[in-house]
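Comments concern the structure below.
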Amino acid sequence: MNASSSSSDSAGGVVVKRSRFGYDETIRRLSAAIVTARAQIFATIDQRAAARDAGLDMRPTTLLVWGNPAAGTPLMVAAPLFALELPLKFLVWDDGAQVCVAYEPLTVAARRYAVSGFDTQLAAIDRALEHLASSVSGLHDA
């Protein structure tokens with residue numbers, strides 16, 4: 001997906017936001033916002049470093065894996081396959097022209113697994129995703 005073309009991937013519902021900050025600063029600010037929101041960062045995966053270790057090159061790309069077990073566990077209990085989507089993720093990459101942050105709203109994943117009865121919780125999680133991505137100063141729709 002070309003992040004500069006749209007703020008939402010029409011095929012998959014992925015939301016992409018463009019950062020005015022550099023790559024490292026975007027990751028730092030987004031990580032701090034996650035922790036401030038009392039969520040837990042489970043992993044920060046430097047995918048470029050992994051590619052380099054395999055003898056390959058790729059743009060700077062990091063996957064932040066994070067969440068709040070109190071919010072996600074009931075969804076996984078209701079639909080075990082939903083655990084493929086949780087914890088939540090933010091993808092940050094630098095294509096040389098801009099730094100982008102992408103995520104998939106949980107309501108999109110819930111439709112994929114036919115999860116029902118959690119509309120209030122899913123909406124709250126989606127608001128948190130949007131808030132975290134947007135409230136990190138300088139992020140706006142791509």
Side-chain angles (χ1 to χ4, degrees), residues 1-95 98-142:
M1 177 181 155
N2 180 348
S4 63
S5 66
S6 174
S7 63
S8 180
D9 173 9
S10 60
V14 173
V15 175
V16 178
K17 297 204 176 270
R18 197 169 26 136
S19 176
R20 288 183 221 153
F21 298 106
Y23 176 73
D24 291 332
E25 183 67 9
T26 297
I27 293 168
R28 188 190 70 70
R29 288 175 179 258
L30 190 54
S31 296
I34 291 167
V35 171
T36 299
R38 297 188 181 135
Q40 182 177 355
I41 297 176
F42 299 109
T44 300
I45 303 168
D46 182 339
Q47 294 176 322
R48 182 183 199 184
R52 192 176 308 127
D53 289 347
L56 302 169
D57 188 37
M58 72 180 292
R59 70 183 53 88
T61 305
T62 295
L63 184 68
L64 295 173
V65 181
W66 64 280
N68 179 330
T73 300
L75 296 166
M76 293 183 284
V77 169
L81 288 177
F82 210 69
L84 290 169
E85 309 299 329
L86 296 170
L88 299 166
K89 295 157 204 78
F90 280 125
L91 180 66
V92 181
W93 74 94
D94 182 346
D95 69 7
Q98 63 185 10
V99 174
C100 294
V101 176
Y103 67 90
E104 180 183 53
L106 217 48
T107 52
V108 173
R111 284 193 297 271
R112 196 167 34 252
Y113 298 104
V115 171
S116 61
F118 291 90
D119 293 345
T120 301
Q121 294 92 328
L122 291 166
I125 293 168
D126 281 355
R127 281 192 305 276
L129 282 161
E130 175 65 21
H131 175 73
L132 287 168
S134 295
S135 70
V136 178
S137 181
L139 291 178
H140 54 283
D141 288 344

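Along the sequence shown, the residues carry numbers beginning at 1.
Contact check for Leu30 versus Val101: side-chain heavy atoms found under the 4.5 Å cut-off. Inter-residue side-chain proximity for Arg20 and Gln98 is flagged as unmet; no heavy-atom pair is nearer than 4.5 Å. Put simply, the side chain of Gln40 does not reach to within 4.5 Å of the side chain of Ile34, judged on heavy atoms. Residues Val14 and Val16 are in side-chain contact: their nearest non-hydrogen atoms beyond the backbone lie under 4.5 Å apart. Counting heavy atoms from C-beta outward, Tyr103 and Leu132 have side chains that stay 4.5 Å or more apart. A heavy-atom distance below 4.5 Å is found between the side chains of Met76 and Leu86. Using a 4.5 Å heavy-atom cutoff, the side chains of Leu129 and Val15 are not in contact. Glu104 has its side chain within reach of Glu85: a pair of non-hydrogen atoms, C-beta onward, lies under 4.5 Å apart.
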Task: Test log, rule side-chain contact (heavy atoms from CB on, under 4.5 Å), inputs Val65 and Ile41 - done: CA-CA 6 Å; Val65 181; Ile41 297 176; over 6 Å; no
TODO: Show your reasoning for whether salt bridge (Lys or Arg N to Asp or Glu O under 4.0 Å) applies to Arg28 and Glu25.
DONE: CA-CA 5 Å; Arg28 188 190 70 70; Glu25 183 67 9; 2.7 Å; yes
Task: Candidate pair Phe82 and Val115, rule side-chain contact (heavy atoms from CB on, under 4.5 Å), full reasoning - done: CA-CA 8 Å; Phe82 210 69; Val115 171; 3.7 Å; yes
TODO: Show your working on side-chain contact (heavy atoms from CB on, under 4.5 Å) between Leu64 and Ser31 and close with a plain yes or no.
DONE: CA-CA 8 Å; Leu64 295 173; Ser31 296; 3.7 Å; yes
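From Asp94, atom CG reaches atom CZ of Arg59 across 9.0 Å, with rounding to the nearest 0.5 Å. In this structure, the separation between CD on Glu130 and CD1 on Ile125 is 15.0 Å, given to the nearest 0.5 Å. In this structure, the separation between OG on Ser134 and NZ on Lys17 is 3.0 Å, given to the nearest 0.5 Å.
Among Ile45, Asp24, Thr44, the single residue meeting the side-chain contact (heavy atoms from CB on, under 4.5 Å) criterion with Thr62 is Thr44.
The heavy-atom pair separating Lys89 from Pro87 by the smallest distance is NZ-O, 2.8 Å. Considering all non-hydrogen atoms of both residues, Thr26 and Ser19 come closest at OG1-OG, 2.7 Å. Closest approach of Pro69 and Pro74 over heavy atoms only: O-CD, 4.3 Å. The heavy-atom pair separating Ala78 from Phe118 by the smallest distance is CB-CE1, 3.4 Å. Among all heavy-atom pairs drawn from Leu63 and Gln47, the shortest one is CB-NE2, 4.1 Å. Nearest heavy atom pair, residue Trp93 against residue Ala102, reads CZ3-CB, 3.6 Å.
Between Phe90 and Trp66, the angle of the ring planes stays under 30°, which puts this pair in the parallel group of the 30/60° scheme.
Checking side-chain atoms of Arg48 against main-chain N and O of Met58 turns up a donor-acceptor pair under 3.5 Å. The backbone N or O of Ala83 lies less than 3.5 Å from no partner atom in the side chain of Tyr113, so there is not a single donor-acceptor pair.
Side-chain atoms of Asp126 and Thr107 include a donor-acceptor pair closer than 3.5 Å.
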